[in-house]
Amino acid sequence: MDHRELKRLVQLMNENGLVELEIEQEGSRISLRKAGAYASAPVLLQGGAAPAMPAAVPAGALPPAADGPSAPPAGTKDILSPMVGTFYRRPSPEAAPFVQVGDRVTKDTVVCIVEAMKLNNEIKAELDGEVLEILVEDGHPVEFDQPLFRIRVA
């Protein structure tokens, strides 16, 4: 497979909203996956045919969603992820975490990084208060609007 064919496959992924693509053709196999993305199942193409849209997953085919954190109690607010990506509590592996449970934060306090498409995006608290809970494990994928931290509002 040459450079032009790979470029065409990446374009196909972008046009159809795919995060992962796997093709098996004439004994060759290629698997493409967007950085930071995670999909439930790859789209497998055989014989070089390319779908116009990804196939729908039948209801009940995916495992039930795990129970996430409950709604924030009165007097608290959650800091939500503004994007899909990978959650990091520290600026580098050897550095201390941005915040710990019990730390006071202000609107401008950086609380974490969400890496998306090889870009590290600093996430600020955007409110004043105290960190009550850290709701995501370091290095784990996060979804748009997923709660990251629970804050007792000052």
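Note that the numbering runs from 1 along the sequence shown for the chain.
At least one side-chain heavy atom of Leu127 sits less than 4.5 Å from a side-chain heavy atom of Lys77. Counting heavy atoms from C-beta outward, Val142 and Val114 have side chains that approach closer than 4.5 Å. Here the side chains of Ser81 and Phe144 are not in contact, with every heavy-atom distance at 4.5 Å or above. By the 4.5 Å heavy-atom criterion applied to side chains, Pro73 and Arg150 are counted as neighbours. By the 4.5 Å heavy-atom criterion applied to side chains, Asp128 and Val153 are not counted as neighbours. A heavy-atom distance below 4.5 Å is not found between the side chains of Asn121 and Ile113.
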Start with the C-alpha gap between Val110 and Ile123, add the side-chain angles, then the distance that decides, and say whether side chain to side chain contact (heavy atoms under 4.5 Å, CB included) holds. CA-CA 6 Å; Val110 174; Ile123 308 304; over 6 Å; no
Evaluate the side chain to side chain contact (heavy atoms under 4.5 Å, CB included) criterion for residues Leu80 and Gln146: first the C-alpha distance (whole Å), next the side-chain angles of each, then the deciding distance (0.1 Å), finally the verdict. CA-CA 5 Å; Leu80 306 177; Gln146 178 178 341; over 6 Å; no
After noting the C-alpha distance and the side-chain angles of Val111 and Lys124, does the key distance pass the side chain to side chain contact (heavy atoms under 4.5 Å, CB included) rule? CA-CA 6 Å; Val111 293; Lys124 293 184 178 181; over 6 Å; no
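Less than 6.0 angstrom separates the ring centroid of Phe149 from the ring centroid of Phe87.
With respect to the salt-bridge test (charged N to carboxylate O, under 4.0 angstrom), the residues Arg152 and Glu130 qualify. Arg89 has no carboxylate O lying under 4.0 Å from a charged side-chain N of Asp138, or vice versa, which leaves the two without a salt bridge.
A single hydrophobic cluster is not seen to contain both Leu132 and Val101; linkage of ILVMFWY side chains at heavy-atom distances under 4.5 Å, directly or through other members, places them apart. Under the 4.5 Å side-chain heavy-atom criterion for Ile, Leu, Val, Met, Phe, Trp and Tyr, Met83 and Leu148 are members of the same hydrophobic cluster.
Taking CD from Glu126 and CD1 from Ile151, the interatomic distance works out to 11.5 Å, rounded to the nearest 0.5 Å.
The two residues Thr109 and Thr106 have their closest heavy-atom pair at OG1-N, 2.8 Å.
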